[in-house]
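Input: a single structure, listed below in structure tokens.
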Amino acid sequence: MPLRFKIPINYDLDLDSTLDGGQSFNWRSGNDGVWLGLIENLPVKLSIDKIQSGSVVKAEYKLSPAQVDLDRLKLYLDLDTPYEAIRNRLNSDSNLKSVIKSIPKFNILNQDPWQTLVSFILSTQSNIPRIKRNLEDISIFGKNLVTAFGLPFYKFPNPHELAAMGENKLRALGLGYRAKNLGTVASLISENSFNIKIVSAMSYDDAKQYLMTLPGVGPKVADCVLAFSMGHTSAFPVDRWVSRGVKRMYSSTLKYSDPDISNWGREKFGDDAAYVQQMIFYYERWVRGRD
DNA sequence: TCCCAGGGGAGTT
DNA sequence: AACTCCCATGGG
């Protein structure tokens, strides 16, 4: 018995760029703007209807009502944040105004911290198709299969399960040098040497410092985890695309290091920093493309 | 073949 | 603090 929800919101929301725009790597698109994935390990089918006053988010589960956490779905998609007000605010910046005009209207996700940490540990010196494949291979190797909508879904391994795979198996899956960091991080968390459950409640500075004690987690990976799974919208993750975009739009002559640009973004945009960062990333990566 | 990919970390100056 | 180099690997 399918369980269907319709959630109206008073702004436009584009699912393609939200679920497949570099924040998340585990959604697959079906036909007609339909997306299939797991939220809290529950298979769900998502789509959007445009209406006069904004959008209607449609979600379908193959579950009993007791199993579904509608609030978690709304938090995952960040539906209660006033995105129209954010965009209006940022339009006062002439650089951002032209960016906003040419990119889809996406939200910033609140994903599972553990899965997001793994995703961005795997992202270093990699590319989005490969990150997706690595995560899928890890999930398939975990062998925790559920079937919904006539399709297989592999639940993401928990820290204990991932630690049990071991560095050698992870390396055999094609993770490269990242296998060592990931294996170590999984072990640290599964044996309670690192408590990822408390990070969400920490301040930005404390959480970032704590995350960066993990191998394979530097300032950029930590900022992505903070922004895309812990609601720290004051984070400003800087990769080569964001670095390139900021330099091009705001200071073509001066040269800044990545940490300099991250601090600049945090000071300039405050609690809008993560939104701005993702806008610049999306624009630079997919609209403007390579030089 | 060379270059790049949502970087991090160790070593050197 | 800033600057190299290397870490594996697949794809263009």
Complement of C:dT4, any strand, by Watson-Crick or G-U distances under 3.5 angstrom: B:dA10
Atom-to-atom span, CG of A:D258 to C1' of C:dT4 - whole angstrom: 15 Å
Partner nucleotide, any strand, of C:dG11 [Watson-Crick/G-U, under 3.5 Å]: B:dC3
Candidates B:dG8, B:dA5, C:dA8 - which lies nearest the side chain of A:R244: B:dA5
Heavy-atom side-chain contact between A:Y154 and A:L145 under 4.5 Å: yes
No-H, no-angle donor-acceptor pair, A:Y177 side chain to B:dG9 base, under 3.5 Å: no
Listed nucleotide nearest any side-chain atom of A:R240, set B:dG8, C:dC7, B:dA5: B:dA5
Donor-acceptor pair, side chain of A:R130 and main chain of A:G174, under 3.5 angstrom: yes
A:V217 or A:P129, whichever maps to the more 5' nucleotide of DNA chain B: A:P129
Selection from B:dG8, C:dA8, B:dA5 that lies nearest to any side-chain heavy atom of A:W241: B:dA5
Nearest-nucleotide pick for A:N127, side chain only, options being B:dA5, C:dT9, B:dG7: B:dA5
Exam field: side chain A:Q23 to backbone A:N107, donor-acceptor pair closer than 3.5 Å: yes
Under 4.0 angstrom between A:R133 side-chain N/O and C:dG10 OP1 or OP2: no
Closest heavy-atom pair and its distance - A:L79, A:V57: CD2-CG2, 3.9 Å
First encountered from the 5' end of DNA chain B, between A:I128 and A:M212: A:I128
